[in-house]
Enquirer: 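Have a look at this one before I ask anything.
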Amino acid sequence: MIPFLDLRAQYKQLKPEIDAAVTRVIDSAQFVLGPEVAAFEECFSDYCGVTHCTALNSGTSALHLALLAAGIGRGDEVITVSMTFVATAAAISYSGARPVFVDVKPDTWTMNPALIEAAITPRTKAILPVHLHGLMADMDPIIDIARRHGLVVIEDAAQSHGAEYKGRRAGSIGDVGCFSFYPGKNLGAYGEGGAAVTNNPDLARQMMLLRDWGQESKYNHVVAGYNYRMDGIQGAVLNVKMNYIEGWTEARRAIASHYDRLLASSRYCRPAPPAHCRHVYHVYAIELTERDEVQKALQAAGIGTGIHYPVPVHLQKAYADLGYRPDDLPVTEALADRFLSLPIYAELRPEQAAEVVRALDQASLVEAA
Ligand SMILES: Cc1ncc(COP(=O)(O)O)c(C=O)c1O
């Protein structure tokens, strides 16, 4: 049996450190924010190469607060992609703005910068690229378009802790970078968690206020805020994990290279990261036409897989009122039909990756026959 994800394997290695960190928080009774969260904010901003980090209770909250801090609200439009987790669009809706979707590039699966300018209207206020699967979007042309049109850039870096574009870390290129620490992420908390990073002290101050009921001091509410604070226990767990994130990322990259070699002569499209990008492989997806049948056959062979994502956001019932139709985003829609995510995590052994590819070969031979 090879599960798609194995969170217990990581805990087994870290148990004494994690248990001690959690006990420390319980002993101190600093359950919300507190010193562990403050220490994590410092560590994570260094890791991202930025000056400020606001620790939050989810990646969705990070996107929501980034939009609010940038002054985006009712009547505004935010250009993003539909090949993403629904949270990207949901956060835009929470702010009162309207998500406007552009298609992705067929080779990198991230926002196609060539399509952005045609989507800009007088209502457009921001561009929100998603670093899908751990590969950063093509940031140079995105930043160039944003600067020319006076738009804010918010990076959805929920899947891309430590990813790089031309030597710069995910979250450090746009005005704000938003991360998720959902347990299955490359850097995962033991519950919900998120963070917004920035080099802009005004945006950071605004996000700090908004996450804690808009309080400047106790019971002094200067803006209408939210309860988006990070738990002390999550800060403590994440501090432990910060010592390991680089090793885990390199292990993921090694597994991805192994899959690349094993699949080199196959007919599947594989991730094609440009040379100037450090892909951190939150997901290793391949494209195959008979995906659903192959996924079932792999399941029967004891191999867990995932689909990220089977129905793009613009075709979800929840977003029907935006008025999109099938064929509006042809690359995104084709990927949604063909994507299959293979198991990838630091503890996956090379022989297990080989086993996955053997089972994949067998399953697709049967389907092709
Ligand atoms: C691309 C993307 N954006 C946003 C989110 C939202 O993060 P969270 O689940 O921490 O709210 C996620 C994670 O699930 C995600 O994958």
Side-chain angles (χ1 to χ4, degrees), residues 4-5 7 37 40 44 53-68 78-95 99 101-102 104 108-111 126-137 139 153-163 170-171 174 176-197 207 210-211 226-231 233-235 237-238 241 252 271 279-285 306-314 316 318-319 332 335-336 339 341 344-345:
F4 178 62
L5 181 64
L7 294 181
V37 172
F40 172 69
F44 195 65
C53 170
T54 305
L56 299 163
N57 63 348
S58 74
T60 309
S61 304
L63 290 164
H64 185 197
L65 292 196
L67 290 157
L68 294 185
V78 176
I79 296 174
T80 189
V81 288
S82 174
M83 179 41 72
T84 182
F85 182 59
V86 70
T88 313
I92 296 170
S93 307
Y94 295 171
S95 78
F101 300 112
V102 294
V104 294
T108 59
W109 309 330
T110 55
M111 180 178 273
I127 308 176
L128 205 167
V130 176
H131 304 324
L132 191 76
H133 298 172
L135 177 65
M136 287 181 69
M139 293 305 290
V153 175
I154 295 169
E155 296 174 55
D156 185 336
Q159 303 183 358
S160 61
H161 318 72
V176 184
C178 301
F179 290 87
S180 165
F181 307 121
Y182 186 75
K185 294 289 194 272
N186 288 20
L187 180 64
Y190 280 6
E192 304 280 353
V197 303
M207 292 190 289
L210 287 169
R211 80 167 168 186
Y226 298 81
N227 179 358
Y228 280 178
R229 300 167 301 212
M230 179 180 275
D231 285 346
I233 286 176
Q234 305 313 338
V237 167
L238 291 167
K241 291 193 174 190
R252 281 177 182 272
H279 194 324
V280 296
Y281 294 101
H282 174 55
V283 167
Y284 185 101
I307 301 175
H308 301 90
Y309 295 93
V311 180
V313 182
H314 72 287
Q316 295 280 355
Y319 287 92
T332 294
L335 290 172
F339 265 158
S341 309
I344 190 161
Y345 32 92

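Ligands are counted one by one from 1 in listed order, and the atoms in each one are counted from 1 as well. Being a predicted model, the structure only gives us computed values, none of them experimental. Counting from 1, the numbers follow the sequence of the chain as shown.
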Enquirer: Can you find a non-hydrogen atom of G193 under 4.0 Å from ligand 1?
Expert: yes
Enquirer: What is the nearest protein non-hydrogen atom to atom 11 (O) of ligand 1, stated with its residue, atom name and distance?
Expert: T60 OG1, 2.5 Å
Enquirer: Which ligand 1 atoms does T84 reach within 4.0 Å, using its non-hydrogen atoms?
Expert: 1 (C)
Enquirer: Looking only at protein heavy atoms, identify the closest one to atom 16 (O) of ligand 1 and say how far it is in Å.
Expert: Q159 NE2, 2.9 Å
Enquirer: What residue and atom, counting heavy atoms only, is the protein's closest point to atom 9 (O) of ligand 1, and at what distance?
Expert: S180 OG, 4.0 Å
Enquirer: Is the ring pair F44/F181 parallel, tilted or perpendicular, if the boundaries are 30 and 60 degrees?
Expert: perpendicular
Enquirer: Tell me whether G59 has any N or O atom under 3.5 angstrom from an N or O of ligand 1.
Expert: yes
Enquirer: With a 6.0 Å cut-off (strictly less than), is the heavy-atom count around OH of Y182, excluding the residue itself, greater than 12?
Expert: no
Enquirer: Relative to the heavy atoms of S58, which atoms of ligand 1 are at a distance of less than 4.0 Å?
Expert: 10 (O), 11 (O)
Enquirer: Side chains of H133 and Y284 only: does a donor on one sit below 3.5 Å from an acceptor on the other?
Expert: no
Enquirer: What protein heavy atom sits nearest atom 15 (C) of ligand 1, and how far away is it?
Expert: A158 CB, 3.5 Å
Enquirer: If the test is side-chain contact (heavy atoms from CB on, under 4.5 Å), which one of L63, L65, L67 qualifies with S95?
Expert: L67
Enquirer: Does any N or O in the side chain of R229 come within less than 3.5 Å of the main-chain N or O of L56, such that one atom is a donor and the other an acceptor?
Expert: no
Enquirer: Would you mind listing which atoms of ligand 1 come within a distance below 4.0 Å of any non-hydrogen atom of Y309?
Expert: 16 (O)
Enquirer: Taking P99's backbone N and O only, do any of them form a donor-acceptor pair with T80's side chain (distance below 3.5 Å, no angle check)?
Expert: no
Enquirer: So, the side chain of S58 versus the backbone of S61: is there a donor-acceptor pair under 3.5 Å, distance only?
Expert: yes
Enquirer: In ligand 1, which numbered atoms sit nearer than 4.0 Å to a non-hydrogen atom of T88?
Expert: 3 (N)
Enquirer: As an exercise, identify every atom of ligand 1 less than 4.0 angstrom from a heavy atom of A87.
Expert: 4 (C), 5 (C), 6 (C)
Enquirer: Given N186, which of K241, H282, H161 fulfils the side-chain hydrogen bond (donor to acceptor under 3.5 Å, both in side chains) condition?
Expert: H282
Enquirer: Centroid separation under 6.0 Å, is that true for the rings of H131 and Y281?
Expert: no
Enquirer: Counting non-hydrogen protein atoms only, what is the nearest one to atom 14 (O) of ligand 1? Give residue, atom name and distance.
Expert: K185 NZ, 3.0 Å
Enquirer: Is it the side chain, the backbone, both or neither of F179 that has a heavy atom closer than 4.0 Å to ligand 1?
Expert: neither
Enquirer: Considering only protein heavy atoms, which is closest to atom 3 (N) of ligand 1, and at what distance to one decimal place?
Expert: D156 OD2, 2.7 Å
